[in-house]
Amino acid sequence: MKILVPCKRVPNPDLKLKVANGSVDLAGTTWQVNPFDEYAVEAALRLTEKGKGGERVGEVVVVSIGPKDTSAQLKQLLAMGANRAILVAGDDSALDSDLVARILRAVVAAEKPDLVITGKQAVDGDDNQVGQILAASLGWPQATFLASILLAADGKSATVTREVDAGVEERRVRLPAIMTVDLRIIGKKAVRNEALAPATAEWEDTQRLASLKGIMAAKKKELREITVESLGVAGGILVKTLRHEAPPARKAGVKVASVEELVAKLHNEAKVI
Amino acid sequence: MAPIELDVSPAQVERIEAVARFARERLSPGARERDARGEFSRALWDEAARFGLAGLPIPETWGGSGLDAVETMQVVETLGRTCEDGGLVFSLCAHMFASAVPIWRSKDAKQQGLYLADIAAGSLLCANGTTEPEAGSDIYAMKATARRVGDDYILDGTKCFITNAPVADLFLIYAKTDPSAGFLGISAFLLPRATAGLRVVPEHHKSGLRTSPWGTIYLEDCKVPVTARMGPEGAGAALFGESMIWERCCLFAYYVGAMERSLRRCIEYARDRKQFGKPIGKNQSIANRIVDMKIRLETCRLLLYRAGELHRQGRRCEDAVAMCKLWISECAVASGLDAIQIFGGTGVVTDAGVDALLRDAVPAQVFSGTSEMQRMIIARTLGVG
């Protein structure tokens, strides 16, 4: 089983965004792997684990598109356990979901994975489009917002669940497929490969972190840097960003002297009670 | 003479960031509650060990990370900045520097083969037994003996204030094989917990480092085979001395990181907290405390990495290590008091965790050689005392 996991680097979401001159100022920000993509790597690793021999069976390849220092995030994913990494040189500001999906389609054509797993969306743009566009352009089935994956023993299909408004939806999907994962995919028993792991298999109730041993092991793993041109993909984006604006500052609140005054204001002014 | 390097390499940054994230996300949650209960969590120990925190300086051959003193300090300092569970870090450091290091440095291939991989992996948790009721600073006055009887040794004695003793799987015990030989009369022994004649009594709670358990070890007619000895007879004191050099520099890196964590909190509080209509940091008396905390932090860091660099280069560093240990522990106490004063009433609310630096730092003036003993070492190198 070869699994390709597209991952995006995102600005640290805990830092306060600076918006100046119509754009977000990212100078001085720190970068990290998009959390949902980290969960996708965790899911992919689990699908290759807990077989009888204890060794990883299959290959997890992580791919990212970004500037040269995106290698720091890819190294972190190699330290988590991914087998190798591909960095497609690109400029964050010259990418949109369509171009990312076209680049990934070329990577899929070159790598020929059995399965592509990625995060449901990146926490910076929150576009939630790459997985879907990639599936459509490849003509592969897509299973999005997954809360669990059970890969069939024959490796030809998977039973997946997704949380929807009415409850939990269960579906079967043929492979090769595109899967996008949601938060619950890192639950103890959320992901399993029937060909490897027994039904009793459990993982930690969270994604693994790069350990010191993992960091040492990652130094020996391949991190290949390629260009968009080498993939035969033409640049050009469809989405034009006009400007970014910070939300208007909130007005100061009002202090009330008594419960009665509060109730009166809620009733007469806010009209919520 | 190689220069003293203070810059951090990209590979070291990668390691530091991984440690910081692991400590923040996995070790710190629940630390204040565990501290209040005086609770050591073996599950958390195992997780920290799996991450690689039980074998930092141990060579990769045995599954450690093979870090030198400076790199080890960087990791431990990072834990100080990001791990609120000071007791857990203290237990890990005691395991690594006072037990794993002497076993590694003993060059005793048999003992290393038996234990070192499991120690570096943290599946064997270690405690070292040196201090006795009547042998603290005067450590070579220890009374514990190991009498050779045929192919066995009979160990007798009491070891007190032993970090990790209630939870340890393996004990490194120092005892006299030749009471008349002073420094050269002390030998080291490795005793699994189940050894007949070895009994551990947990001690009462402590004021600081409360999540690190400690206890008293009683050795009563404790018969062990000759093969339990580590290194040749008489090598114990030298091994102990070397382990203390590692401990005095690398463990104290934790306090440098903890001082930075406390400083950041104080700065934030001094900016946010308003009295008399302005942030309290606008008062010079508060700002000056913060400045003093900053200067203490930076001087501690310089002394720390200077000692580490001398150690890494294999140069004489006993006095540099003594100054580093002494200065860091005393600065941590002073900054711990400043932090409480800046926070006022909140500073003494245990749940708020502001007092943790002080509570964890006071014992640091005592363990690994008291401040008084460090001053003696420094005085000696100056040709006085």
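Naming convention: chains lettered A, B, ... in sequence-line order (proteins, then strands); numbering from 1 in each chain.
- Heavy atoms closer than 4.5 Å to chain A are found in the side chain of B/Glu60, but not in its backbone.
- A/Thr161 approaches A/Ser148 most closely through the heavy-atom pair OG1-OG, 2.6 Å.
- Ion pair B/Glu242/B/Lys107 not flagged as a salt bridge, since none of the NZ, NE, NH1 or NH2 atoms sits closer than 4.0 Å to an Asp/Glu carboxylate oxygen.
- Ranked by non-hydrogen atom pairs under 4.5 Å with chain B, the options A/Met216, A/Lys213, A/Lys75 are led by A/Met216.
- Your options are B/Glu14, B/Glu25, B/Arg26, and the one with the most heavy-atom pairs under 4.5 Å with chain A is B/Arg26.
- Between chain A and the residues B/Ser65, B/Gly63, B/Ala11, B/Gly66, the most heavy-atom pairs under 4.5 angstrom are made by B/Ser65.
- For B/Leu67, no part lies under 4.5 angstrom from a heavy atom of chain A.
- The distance between the ring centers of B/Tyr269 and B/Phe343 falls below 6.0 angstrom.
- Between B/Trp246 and B/Phe97, the ring-plane angle classifies as parallel under the 30° and 60° cut-offs.
- With a threshold of 4.5 angstrom between heavy atoms, B/Val19 approaches chain A through side-chain atoms but not through N, CA, C or O.
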Side chain to side chain donor-acceptor pair (under 3.5 Å) between A/Thr48 and A/Arg56, worked out = CA-CA 5 Å; A/Thr48 60; A/Arg56 187 173 306 290; 2.8 Å; yes

